[in-house]
Amino acid sequence: MAEYESCILGLRMVIDMNIKELLVIRDSDLLIHQVLREWATKNTKILPYLHCVKDLIKRFTKIEFKHVPQIQNEFADALSTLSSMIHNPDKNYIDPIEIRKQPAYYAHVEETSYGNPWFQDTWEYLEKGEYLEGDTYTQKHTLWRIANHFFQSGRILYRRTPDLVLL
């Protein structure tokens with residue numbers, strides 16, 4: 001998704017500059033081959049991005065996409081390093097791309113069918129120290145393994161990380 005967002009942002013900038021012919025050089029093999037329709041796009045979360053890129057492509061009289069392996073893309077690496085060193089007075093704010101109907105992290109958490117949040121069983125296990133009735137050995141082991149990565153403080157569930165940063 002990040003590769004597509006950066007591509008969309010770049011295409012929009014070029015369109016705003018009224019450029020009609022463009023050579024797009026990227027190190028994302030997946031993005032290039034999907035845009036060129038050489039590879040199928042099976043991930044439904046990427047499809048809106050692909051459609052957005054294809055809509056933007058229609059605005060050019062000539063556009064070509066070329067894949068360059070990251071190891072051969074030293075110029076782009078140098079530019080990205082330099083751009084990360086520049087302090088923008090607007091605190092590097094970039095307008096969000098308007099193709100998502102919800103924040104990106106929603107795409108990674110599946111909603112449960114029974115109305116409880118995805119972490120409800122982990123919460124209850126940490127709270128009571130008991131498994132749910134009817135859980136199989138595999139379910140109990142999975143819950144125990146997941147619960148080891150979390151701890152409770154009051155009504156908040158925190159994720160433990162190796163560097164002791166709380167999430």
Side-chain angles (χ1 to χ4, degrees), residues 1-122 138-139 142-143 145-146 149-150 157-163 165-167:
M1 286 189 263
E3 289 288 338
Y4 271 98
E5 285 189 7
S6 68
C7 182
I8 290 167
L9 185 62
L11 290 174
R12 286 183 177 170
M13 288 172 47
V14 170
I15 289 169
D16 289 345
M17 293 189 299
N18 207 22
I19 294 173
K20 297 296 179 188
E21 294 184 8
L22 181 66
L23 171 62
V24 179
I25 300 173
R26 307 238 2 146
D27 62 4
S28 173
D29 203 24
L30 181 70
L31 184 142
I32 296 295
H33 289 293
Q34 286 177 344
V35 169
L36 294 175
R37 296 186 176 124
E38 294 171 353
W39 292 354
T41 308
K42 295 179 183 177
N43 188 338
T44 57
K45 296 171 188 170
I46 292 179
L47 283 174
Y49 293 94
L50 181 61
H51 293 304
C52 183
V53 169
K54 288 180 180 179
D55 288 341
L56 292 172
I57 288 173
K58 294 175 186 174
R59 298 185 183 187
F60 295 94
T61 56
K62 181 181 178 187
I63 186 166
E64 186 180 337
F65 286 84
K66 182 179 178 188
H67 174 256
V68 175
Q70 190 171 16
I71 195 132
Q72 297 173 1
N73 203 0
E74 292 130 1
F75 184 67
D77 287 342
L79 285 176
S80 66
T81 302
L82 287 173
S83 69
S84 69
M85 295 177 186
I86 297 171
H87 295 288
N88 189 322
D90 296 331
K91 297 184 181 176
N92 297 329
Y93 179 76
I94 297 174
D95 290 328
I97 295 174
E98 299 291 328
I99 59 175
R100 285 194 221 135
K101 305 246 187 298
Q102 58 201 14
Y105 57 83
Y106 277 37
H108 298 290
V109 177
E110 301 296 328
E111 188 174 309
T112 59
S113 59
Y114 51 87
N116 289 330
W118 63 271
F119 57 86
Q120 184 68 32
D121 51 354
T122 306
T138 305
Q139 291 170 325
T142 302
L143 181 58
R145 189 174 40 81
I146 291 171
H149 295 285
F150 292 91
L157 190 65
Y158 292 97
R159 180 160 176 25
R160 296 175 198 219
T161 58
D163 56 359
V165 176
L166 299 178
L167 302 175

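Here CZ of Arg145 is found 10.5 Å from OG1 of Thr122. Values are rounded to the nearest 0.5 Å. Rounded to the nearest 0.5 angstrom, Lys54 NZ and Leu47 CG are separated by 8.5 Å. Expressed to the nearest 0.5 Å, how far OG1 of Thr41 lies from CG of Leu30 amounts to 7.5 Å. Rounding to the nearest 0.5 angstrom, the gap separating the CD1 atom in Ile57 from the SG atom in Cys7 is 7.0 Å. Between atom CG of residue Asp55 and atom CG of residue Leu11 there is a gap of 11.5 Å, rounded to the nearest 0.5 Å. Note that the CG atom of Asp29 and the CD atom of Glu38 stand 9.0 Å from one another [nearest 0.5 Å].
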Please set out all donor-acceptor pairs under 3.5 angstrom arising from side-chain atoms of residues 14-23, sequence neighbours excluded.
none

Check: When you look at Lys66 and Ile32, which way does the side-chain contact (heavy atoms from CB on, under 4.5 Å) test go after all the steps?
Finding: CA-CA 7 Å; Lys66 182 179 178 188; Ile32 296 295; over 6 Å; no
Item checked: side-chain contact (heavy atoms from CB on, under 4.5 Å) between Arg12 and Arg59, intermediate numbers included -> CA-CA 10 Å; Arg12 286 183 177 170; Arg59 298 185 183 187; over 6 Å; no
Note to self: I'd like to know whether Gln34 forms a side-chain hydrogen bond (donor to acceptor under 3.5 Å, both in side chains) with Tyr4, so could you lay out the CA-CA distance, the side-chain angles of the two residues, the decisive distance to 0.1 Å, and finally the verdict.
What the structure shows: CA-CA 11 Å; Gln34 286 177 344; Tyr4 271 98; 2.5 Å; yes
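Tyr49 has its side chain out of reach of Leu31: every pair of non-hydrogen atoms, C-beta onward, lies at least 4.5 Å apart. Residues Val35 and Val24 form no side-chain contact, since every pair of their non-hydrogen atoms from C-beta on lies 4.5 Å or further apart.
Of all heavy-atom pairs spanning Ile146 and Phe150, the tightest one is O-CD1, 3.2 Å. Scanning both residues, His67 and Pro69, for their nearest heavy atoms gives CE1-N, 3.8 Å.
The stretch residues 21-42 participates, sequence neighbours left out, in these ring pair (Phe, Tyr, Trp, His ring centres under 6.0 Å) pairs: His33-Trp39.
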